[in-house]
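Lettering of chains follows the sequences in order, A, B, ..., and the numbering in each one begins at 1. Just so we're clear, the structure is a prediction, and the values are computed from it rather than from any experiment.
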Protein chains: 2
Amino acid sequence: MDTRERLIESTRELLWEYGYVGTSPKAIQQRAGAGQGSMYHHFRGKPDLALAAIIRSAEELRDRAEAEFSGPGAPLQRITAYLRREREALRGCPVGRLTQDRDVMADPTLRRPVEDTFAWLRTRLAGVLTEARADGDLDTALDPAATATALVAVLQGGYVLARAAGDAEVYAQAVDGALGLLAGHAH
Amino acid sequence: MDTRERLIESTRELLWEYGYVGTSPKAIQQRAGAGQGSMYHHFRGKPDLALAAIIRSAEELRDRAEAEFSGPGAPLQRITAYLRREREALRGCPVGRLTQDRDVMADPTLRRPVEDTFAWLRTRLAGVLTEARADGDLDTALDPAATATALVAVLQGGYVLARAAGDAEVYAQAVDGALGLLAGHAH
DNA sequence: GTCTATAGTGCGATAGAC
DNA sequence: GTCTATCGCACTATAGAC
């Protein structure tokens, strides 16, 4: 892994743990094992480097989700697999976390990947719910778009509650609750 | 409102918008219209002042929720009222936001009110769900604790998605989706 | 109880040698 | 392409006058 790559990966981890305001170029350089000059050679500054890191985290989230959504099994099985997939609950969502970062949301360039990722995720999940409905596996009374938004919200909120409790099990409990609610509408 | 009070309220607002790392004593003083000496007279420092602000925000969240939970109407009506209550979706949750703040979660004293608030909220909501079940208004197959955690997660995640989209309507959509899922289990 | 002055630290960024 | 030196600034906190 070359220096540029190490800088991006270090920024991703620090952004995940400390957020944008709490991540300093100095900390990035130390973690990447690079000097100041090196960082400012590859990137114009903190926002430029953060953008590269955010885009990569967004792509990773999207790729992993797409793998579950387009995987094998019936639509509802794929949704269950997606919701139950192991996540690092106590670390939170590397992309969702950024919505609480004012400097990120205030900068249209930094904000864009975050906005696009969740817009895609909600739409994509709604599509799988629509598939399930077309197969006759899901109650037609359920609105796919609203249900998809609620399910994604359970994951994002599950991170919040797990971190508040200091217990990853709370995340699992939120998912269990959501699946319990969904089960009543499955045929 | 005296100086001490203005300092606490200013800190609450700044903590809500900028988070702990992004909130400086200087900004607090300016918003409160107080000098440095004044702040350090009333509080030992930033963490001490933040604690007072966090405790107050936690109390407010709890009081507002309790008002809905112990209000008039059947249990499921009260839950619907709680979920649908107007919130400032784009500003996010003043307490939930703190879970993303490393300096807050790393300090047991600052973390305590956050942890307690969500533990109480989940337990209290589970209690109302149990009431609904006892009244024969809710499917007995639904686990009250898991369902409560999922519903609270929808709210917390709804903030995240609304902020990501830059649209408060997304928060409402998450709530609609959750109520749609819950409706299938109501008698 | 509130003010101003000041200290010490770390931030984000630039300059220029190698 | 990477390094060290340095800049100007804001941060959190303390000291001491009023």
One thing to verify: whether B:R84 and B:D176 come together as a salt bridge, which I'm taking to mean a side-chain N less than 4.0 angstrom from a carboxylate O. yes
Please report the C-alpha distance between B:S38 and B:Q29 in whole Å, then the side-chain angles of each, then the deciding distance to 0.1 Å, and finally whether the side chain to side chain contact (heavy atoms under 4.5 Å, CB included) criterion is met. CA-CA 9 Å; B:S38 192; B:Q29 292 149 24; over 6 Å; no
Side-chain contact test, heavy atoms from C-beta onward, threshold under 4.5 Å: evaluate it for A:R78 versus A:E68 and give yes or no. no
Which parts of residues 1-15 of chain B get close to DNA chain D, meaning a heavy atom less than 4.0 angstrom away? none
Separation of C:dG10 C1' from A:Y18 OH (nearest whole Å): 15 Å
Taking only Lys NZ, Arg NE, NH1 and NH2, and the carboxylate oxygens of Asp or Glu, determine whether B:R56 and B:E5 approach each other closer than 4.0 Å. yes
Contact pattern, 5' to 3', of nucleotides 3-18 of chain D - B, S or - by protein heavy atom under 4.0 Å: BB------SSBB----
Note: A:R64-A:E60 ion pair, threshold 4.0 Å (strictly below): yes
Closest non-hydrogen atom pair, A:R102 against B:Y18: CD-CE2, 3.2 Å
Kindly say if A:H41 contacts the phosphate of D:dG1, meaning a side-chain N or O under 4.0 Å from OP1 or OP2. yes
Show the numbers, then the answer: is there a side chain to side chain contact (heavy atoms under 4.5 Å, CB included) between A:H41 and A:T3? CA-CA 11 Å; A:H41 169 75; A:T3 301; over 6 Å; no
Among side-chain atoms of A:T140 and A:R133, is any donor-acceptor pair under 3.5 angstrom? no
To the nearest Å, how far apart are A:Q29 CD and D:dG1 P? 17 Å
